[in-house]
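Heads up, the thing below is written out as structure tokens.
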Amino acid sequence: MNGQQILMIEDEPGLILTLGDRLRAEGFAVDSAQDGNTGLATALGGAYDLIILDLMLPGMGGFDVCRELRQRGCSTPILMLTARDRLVDKVLGLKLGADDYLTKPFEPDELVARCEAILRRPHVPLRSIERFSLGDITVDLRRAEVDRRGEIVPLAGKELDLLCYLAEHRDAAVSRQELLDRIWGYAAEVSSRTVDVHVVALRKKIELDPKRPRFLRTVHGVGYKLSFDVG
Ligand code: CA
């Protein structure tokens, strides 16, 4: 037992059985619910570390379950399972508050790796840094958005993860490898270039002059550093 509890909301008995066994073998305690309404009630009534949520469910669908959970203040990480590999589904799911996706069919090993990666991620940032200012720009991590002098710009999933991690380690130089391990974890195919691409995207949102960043700086030979005043 590793003490961590997972709720699986999934209607395929075969998957519940094989994935449940696999996760239990890794030391997780696993509960399951076979439709959306039961899943929602179980999730709200329990103290889970992670929710695995199928998109296509009888009764309330996965998107609605996800939205309801977030609207009711549940912040448990959600890994969404989808049979569709459509970008629009992923974007919608992210907007509704899912943390990651896995497209069916997948190998049980991959599910375990994703679960572990999500559970390794930094927890909800300290209240003091949920909102902070970078000059004229205000960042709201909880709402996943940036206020650029009145223009509200949403932060996409990995941009938000990256910004949360750097904010939690503010004023420290964080290496690309650490960012890869902590934020992309499971995805062996990503390279340090992935980090750079996301930093460029993030700078366009949080810096007034992305080409000459004041807050999210490059630390040569190391990685990146985010600096800001708290309070
Ligand atoms: Ca299903």
Side-chain angles (χ1 to χ4, degrees), residues 1-121 123-124 144 154-161 183-190:
M1 282 287 290
N2 64 23
Q4 289 180 304
Q5 301 210 11
I6 295 181
L7 172 62
M8 190 166 22
I9 307 176
E10 165 64 69
D11 60 315
E12 290 172 49
L15 269 185
I16 296 174
L17 202 64
T18 52
L19 298 179
D21 283 352
R22 185 71 179 76
L23 289 166
R24 285 186 193 96
E26 297 296 323
F28 294 104
V30 185
D31 288 342
S32 61
Q34 299 199 40
D35 65 78
N37 301 76
T38 309
L40 177 65
T42 309
L44 290 171
Y48 294 98
D49 298 292
L50 176 69
I51 296 167
I52 297 171
L53 176 62
D54 189 29
L55 204 53
M56 303 295 283
L57 291 166
M60 183 184 272
F63 283 139
D64 291 328
V65 172
C66 185
R67 183 194 293 115
E68 277 292 310
L69 284 171
R70 293 303 184 236
Q71 281 180 353
R72 296 193 195 190
C74 170
S75 61
T76 307
I78 294 174
L79 171 63
M80 223 175 233
L81 302 181
T82 166
R84 319 176 216 173
D85 191 15
R86 290 173 50 203
L87 186 64
V88 61
D89 290 339
K90 299 184 178 185
V91 171
L92 178 58
L94 271 183
K95 280 188 177 164
L96 295 177
D99 293 79
D100 202 358
Y101 288 86
L102 201 50
T103 304
K104 293 178 178 179
F106 52 81
E107 292 298 321
D109 281 353
E110 193 178 1
L111 178 89
V112 170
R114 292 282 181 114
C115 290
E116 288 173 344
I118 292 174
L119 290 166
R120 265 201 312 271
R121 277 183 199 167
H123 284 284
V124 179
L155 292 164
K158 289 285 186 257
E159 292 168 6
L160 180 64
D161 289 346
I183 294 163
W184 281 269
Y186 58 86
E189 73 273 17
V190 303

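Each ligand, and each atom within it, is numbered from 1 in the order the structure gives.
For the Ca ion (ligand 1), the N/O/S atoms of D11 include one lying under 3.0 Å. Among the atoms of E12, no N, O or S atom falls under 3.0 Å of the Ca ion (ligand 1).
Using a 3.5 Å distance cut-off with no hydrogens or angles, the side chains of D35 and T38 do pair a donor with an acceptor.
Across all non-hydrogen atoms, the minimal contact from C66 to M80 is CB-CE, 3.7 Å.
Within D54, OD2 is the N, O or S atom that lies nearest to the Ca ion (ligand 1).
A donor-acceptor distance shorter than 3.5 angstrom exists from the side chain of N37 to the backbone of M60, with no hydrogens or angles considered. Between the side chain of R70 and the main chain of C74, a donor-acceptor pair closer than 3.5 Å is present.
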